[in-house]
Amino acid sequence: MKRFVLCIIMFLCLFVQIANAEEDSVLSAGISINEVPQMLFGSWKVSAKLDDTNSYRTFKPKSADIWTLTRAGNYITLTNPFSGAEAKISVKTVEGNLIIFSKESPYNNKVLTDTVAIRLDKKEFSGINTISLKSYSNVDGHLIKSEDARYIIQGEKLSGEDVL
């Protein structure tokens with residue numbers, strides 16, 4: 001049952017935070033929201049295939065999800081319309097159509113960190129999602145284990161102002 005719950009959490013948290021998003025977890029210093037290509041915003045059908053991991057029991061070999069990326073002021077928010085989960089993402093790099101963003105989600109004695117690097121190509125993207133799930137002792141806070149995975153991801157634009 002514990003493994004099932006963890007898999008569900010991982011599926012729903014693949015770029016989305018379960019806990020409340022913090023206000024300071026948005027664009028990185030030196031990156032303007034205006035640098036983010038407009039074609040990023042909208043809804044995407046995203047498929048992921050496990051490329052490498054140190055924990056095959058934790059990470060699913062394949063997944064499919066819907067991401068909706070929106071902009072409000074200086075924030076970029078990623079939501080999952082199925083689960084209702086929402087997270088403000090931190091954009092690390094924007095170089096033309098290459099975008100790197102991340103989100104860190106603490107829950108219980110674990111911290112889930114997602115880092116996504118994608119290359120946009122009009123109505124598609126491809127890239128890599130690196131996930132790290134760190135488990136800490138509830139006694140003294142030391143790191144008990146780190147479970148890591150790298151997924152190859154593909155996105156297909158479903159809706160947005162650049163899709164007719």
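When reading the values below, keep in mind they use all heavy atoms of this one structure, side chains included, and skip hydrogens, waters and symmetry mates.
Using a 4.5 Å heavy-atom cutoff, the side chains of N97 and M39 are in contact. Residues W44 and T68 are not in side-chain contact: their nearest non-hydrogen atoms beyond the backbone lie 4.5 Å or more apart. Contact annotation: the side chain of F125 approaches that of V46 to within less than 4.5 Å [non-hydrogen atoms, C-beta and beyond]. Inter-residue side-chain proximity for Y151 and V116 is flagged as unmet; no heavy-atom pair is nearer than 4.5 Å. Looking at V111 and E104, their side chains come closer than 4.5 Å, going by heavy atoms from C-beta outward. Between K122 and L120, the closest side-chain pair of non-hydrogen atoms is not below 4.5 Å. Residues L78 and I76 fail the side-chain proximity criterion, which asks for heavy atoms closer than 4.5 Å.
The one candidate from D148, L133, I131 that meets the side-chain contact (heavy atoms from CB on, under 4.5 Å) condition with T58 is L133.
There is no path of hydrophobic side-chain contacts, each under 4.5 Å, that joins I128 to I99. The hydrophobic cluster containing F59 also contains Y107, counting ILVMFWY residues as joined when their side-chain heavy atoms lie under 4.5 angstrom apart, directly or transitively. Note on I118 and L98: separate hydrophobic clusters, where clusters join Ile, Leu, Val, Met, Phe, Trp and Tyr whose side-chain heavy atoms are under 4.5 Å apart, directly or indirectly. Under a hydrophobic-cluster definition in which Ile, Leu, Val, Met, Phe, Trp and Tyr are linked whenever side-chain heavy atoms come within less than 4.5 Å, directly or via other members, L69 and V91 are assigned to the same cluster.
Between the CG atom in L50 and the CG atom in N129 there is a gap of 10.5 Å [rounded to 0.5 Å]. Rounding to the nearest 0.5 Å gives a distance of 7.5 Å between OH of Y136 and OG of S146. The distance from the CZ atom of F101 to the OG atom of S90 is 10.5 Å, given to the nearest 0.5 Å. In this structure, H142 NE2 and S135 OG are separated by 10.5 Å, a value rounded to the nearest 0.5 Å. To the nearest 0.5 Å, atom OG of residue S47 and atom CD of residue E156 are 9.0 Å apart.
What you find for G42 and K157 is that their closest heavy atoms are CA-CE, 4.0 Å. Contact record, K134 with L143: CB-CD1, 3.7 Å, taken as the closest heavy-atom pair. Taking both residues in full, the closest heavy atoms of K45 and I66 are given as CA-CD1, 4.0 Å, listed atom of the first, atom of the second, then distance.
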- Task: Begin from the C-alpha positions of S102 and K92 and carry the test side-chain contact (heavy atoms from CB on, under 4.5 Å) through to its verdict.
- Result: CA-CA 7 Å; S102 67; K92 304 293 185 186; 3.1 Å; yes
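For T70 and T77, the side-chain atoms include no donor-acceptor pair closer than 3.5 Å.
The pair D114-K103 does not count as a salt bridge, with every side-chain nitrogen at least 4.0 angstrom from each carboxylate oxygen.
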